[in-house]
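Take a look at the structure below.
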Amino acid sequence: MTAAAPTPTTPTPLFGIDVWTDVVCPWCYVGEARLLEAIEAEGLTGRVTLRAHSFELDPTAPTGSTEDNVTGLARRKGIPVQKVQEMEAQIGDISREVGREYVSPRPMGNTRGVHRVLQAVQEARGAEVATEFFLELQRGHFTDTVNPFDEEVVVARAVAAGLQEADARAAWAGTTHDDAVEEDVREAVAMGARGVPFFLFDDRYTAPGALPTETFRQALRQIAAEAEERASTEG
């Protein structure tokens with residue numbers, strides 16, 4: 001008789017990483033890629049939980065997609081369109097260094113509705129599902145394959161993630177989950193965040209910005225060692 005193959009075991013998470021992010025934030029997009037690259041390089045795939053939190057880069061942005069990101073940033077900052085295009089080209093080069101496509105120009109608008117739907121998905125399906133829902137929207141935005149300012153697109157993605165359509169539409173419209181978005185923002189600001197991405201490692205260490213992959217690796221190495229030691233002591 002042939003022995004049954006052993007059932008693969010799921011690695012036990014060592015610690016969590018909370019990231020405050022916005023769907024239109026280019027450095028959040030780069031930072032997530034660098035973080036995932038560092039997690040894999042340190043052999044921590046499946047041992048770290050990533051949780052996305054709401055933060056708006058521009059709460060005053062008009063609702064709906066009314067202009068592209070290049071035109072909008074040039075107008076808001078009062079700088080030439082050519083300067084914005086140069087900045088976008090630089091970020092595009094950085095993105096491609098970590099294997100990420102980067103399309104410019106892209107649609108731009110107010111992201112509050114997306115954040116409310118994120119909060120609704122989290123309430124209904126949990127942080128892991130909500131985080132993947134949000135990051136897929138963000139990745140789609142920067143590859144110009146998803147328009148996160150289109151209600152029908154976001155609602156369909158939320159329903160695919162397991163949220164009831166009526167609940168997704170209520171959150172998008174602002175009937176629900178606005179307070180949850182505000183709470184996320186307040187929490188980040190209380191820890192010193194002035195922009196995004198903003199990271200909280202293991203509920204203990206904070207770090208702003210899209211850190212270099214090697215810096216992420218060093219931080220992960222230290223925090224994983226501390227978590228392992230803590231687990232062995234508690235065990």
Side-chain angles (χ1 to χ4, degrees), residues 18-33 35-36 49-73 76 88 91 95 100-188 195-198:
D18 295 88
V19 56
W20 280 259
T21 179
D22 200 354
V23 71
V24 296
C25 169
W27 289 111
C28 298
Y29 178 63
V30 170
E32 184 237 344
L35 176 60
L36 294 182
T49 57
L50 187 63
R51 297 180 291 262
H53 295 268
S54 297
F55 197 102
E56 293 175 279
L57 278 180
D58 184 9
T60 66
T63 301
S65 180
T66 58
E67 58 188 355
D68 66 70
N69 65 302
V70 173
T71 304
L73 186 58
R76 291 195 306 275
E88 283 286 289
I91 300 174
S95 296
R100 288 282 176 93
E101 185 182 358
Y102 190 88
V103 175
S104 185
R106 305 173 299 277
M108 184 59 64
N110 192 287
T111 61
R112 187 77 171 199
V114 175
H115 286 295
R116 287 191 295 258
V117 178
L118 163 67
Q119 299 293 336
V121 174
Q122 178 170 299
E123 182 178 81
R125 302 291 297 159
E128 183 178 353
V129 172
T131 297
E132 190 56 32
F133 157 79
F134 187 86
L135 292 179
E136 285 182 356
L137 286 178
Q138 187 179 77
R139 295 166 192 153
H141 173 64
F142 285 100
T143 56
D144 200 23
T145 57
V146 173
N147 184 351
F149 309 108
D150 185 325
E151 177 181 355
E152 298 307 317
V153 169
V154 176
V155 167
R157 295 278 178 138
V159 169
L163 186 64
Q164 293 294 316
E165 181 178 343
D167 295 335
R169 293 193 184 280
W172 178 268
T175 306
T176 65
H177 293 88
D178 212 60
D179 289 346
V181 175
E182 287 293 335
E183 179 58 32
D184 260 4
V185 174
R186 283 195 297 268
E187 184 179 2
V196 286
F198 185 80

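Values below: all heavy atoms of this structure, side chains included; hydrogens, waters and symmetry mates excluded. This structure is a prediction, so every number in the text was calculated from the model and none was measured. Positions are given from 1 along the sequence.
Electrostatic pairing of E132 and R139 counts as a salt bridge here, judged by a charged N lying under 4.0 Å from a carboxylate O.
Remark: R100 qualifies as a cation-pi partner of Y29 under the 6.0 Å distance and 45° angle criteria applied to the six-membered ring.
Inter-residue side-chain proximity for E56 and N110 is flagged as met; some heavy-atom pair is nearer than 4.5 Å. No side-chain heavy atom of V19 sits under 4.5 Å from any side-chain heavy atom of L35. With contacts defined as side-chain heavy-atom distances shorter than 4.5 Å, the pair V117/R157 does not qualify.
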**OP:** Give the C-alpha distance, both sets of side-chain angles, the deciding distance and a yes or no for side chain to side chain contact (heavy atoms under 4.5 Å, CB included) between F149 and H141.
**Re:** CA-CA 10 Å; F149 309 108; H141 173 64; 4.1 Å; yes

**OP:** Start with the C-alpha gap between T176 and D167, add the side-chain angles, then the distance that decides, and say whether side chain to side chain contact (heavy atoms under 4.5 Å, CB included) holds.
**Re:** CA-CA 8 Å; T176 65; D167 295 335; over 6 Å; no

Subject >> Worked check of side chain to side chain contact (heavy atoms under 4.5 Å, CB included) between V154 and F133 >> reply: CA-CA 9 Å; V154 176; F133 157 79; 4.1 Å; yes

Original post:
Stepwise, does the side chain to side chain contact (heavy atoms under 4.5 Å, CB included) test hold for V70 with E88?
Top reply: CA-CA 8 Å; V70 173; E88 283 286 289; 4.3 Å; yes

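Using modelled atom types, one side-chain atom of R116 and one backbone atom of W172 make a donor-acceptor pair closer than 3.5 Å. In this structure a side-chain-to-backbone donor-acceptor pair under 3.5 Å is present from W20 to D184. Judged by distance alone, with hydrogens and angles left aside, the side-chain atoms of N69 form a donor-acceptor pair with the main-chain N or O of R106 at under 3.5 Å.
Shown here for C28 and P197, the closest heavy-atom pair between the two residues is SG-N, 3.5 Å. T71 approaches D68 most closely through the heavy-atom pair N-OD1, 2.8 Å. In terms of heavy atoms, N147 sits closest to P107 at OD1-CB, 4.1 Å. Heavy atoms only, all atoms of each residue included: A161 and R125 are closest at O-NE, 3.3 Å. The heavy-atom pair separating A188 from F198 by the smallest distance is O-CE2, 4.4 Å.
Residue E182 qualifies as enclosed at atom CD: its count of foreign heavy atoms under 6.0 Å is above 12.
Note that CD of Q122 is 11.5 Å distant from CZ of F134, once rounded to the nearest 0.5 Å. In this structure, SG in C25 is found 6.5 Å from CZ in F142, a value given to the nearest 0.5 Å. Rounded to the nearest 0.5 angstrom, Q119 CD and E183 CD are separated by 9.5 Å. Remark: L118 CG to L137 CG distance equals 9.0 Å, nearest 0.5 Å. Note that the CD atom of E67 and the CG atom of L73 stand 9.5 Å from one another [nearest 0.5 Å]. Separation of atoms CD (E152) and CZ (R169) is listed at 4.0 Å; rounding is to 0.5 Å.
Put simply, the residue from T21, D18, T131 that forms a side chain to side chain donor-acceptor pair (under 3.5 Å) with H53 is D18. Just one of I91, D22, V196 meets the side-chain contact (heavy atoms from CB on, under 4.5 Å) condition when paired with W27; it is I91.
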